[in-house]
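Everything below concerns the one structure shown next.
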Amino acid sequence: MNQLGKHLEQVRLEKRLSLREASKRSGLSYTYIRDIELGINRKTKKEVSPSPATLKKLADAYKIDYYDLLRKAGII
């Protein structure tokens, strides 16, 4: 699990959101959210690198700082 993934999972759990609720709030699939948390696509075994648009959706859904997510993802 990478730094970004750990952080997103921690925030989701602190806010007491299930993967399905996070999915509803963000518009992303719950399987993709879990793959981001793990840092790997569980089907292909390849690293998952969410786009800035995806991070924006998660930041809005979790009500957290978007720029902090961009930093954790290594985008800025």
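Owing to the predicted nature of the structure, the values given are computational and were not obtained by experimental measurement. All heavy atoms count here, side chains included; hydrogens, waters and symmetry mates do not.
Annotation for E14: atom CD counts as buried by contact number, over 12 foreign heavy atoms lying within 6.0 Å. Heavy-atom neighbours of Y32 OH from other residues, nucleotides or ligands within 6.0 Å: above the threshold of 12.
Heavy atoms only, all atoms of each residue included: R12 and S18 are closest at NH1-C, 3.9 Å. In plain terms, the two heavy atoms of P50 and L4 that are nearest each other are CG-CD2, 3.8 Å. In plain terms, the two heavy atoms of K57 and L28 that are nearest each other are CD-CD2, 3.9 Å.
By the side-chain hydrogen bond (donor to acceptor under 3.5 Å, both in side chains) test, D60 is found to be paired with K56, residues two or more places apart in sequence or in another chain being considered. Under the side chain to side chain contact (heavy atoms under 4.5 Å, CB included) criterion, L70 pairs with P52, L55, Y66, Y67, I75, I76, not counting sequence neighbours.
Taking CG of L8 as the start and CD1 of I33 as the end, the distance is 9.0 Å to the nearest 0.5 Å.
Although no hydrogens or angles enter the test, the distance criterion places a donor-acceptor pair under 3.5 Å between the side chain of K15 and the main chain of Y62.
Hydrophobic cluster membership differs between L38 and L19, with clusters built from Ile, Leu, Val, Met, Phe, Trp and Tyr side chains linked at under 4.5 angstrom. Hydrophobic clustering of Ile, Leu, Val, Met, Phe, Trp and Tyr side chains at less than 4.5 Å, counting indirect connections, unites V11 with L69.
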Under the side-chain contact (heavy atoms from CB on, under 4.5 Å) criterion, do T31 and R42 qualify, and how do the steps go?
CA-CA 9 Å; T31 55; R42 290 169 289 162; 3.9 Å; yes
Candidate pair K72 and N2, rule side-chain contact (heavy atoms from CB on, under 4.5 Å), full reasoning:
CA-CA 9 Å; K72 284 183 175 18; N2 58 27; over 6 Å; no
Given salt bridge (charged side-chain N to carboxylate O under 4.0 Å, His left out), test E9 with K6 step by step and report yes or no.
-> CA-CA 5 Å; E9 182 179 36; K6 285 181 188 177; over 6 Å; no
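Using a 4.5 Å heavy-atom threshold, the side chains of L58 and I36 count as touching.
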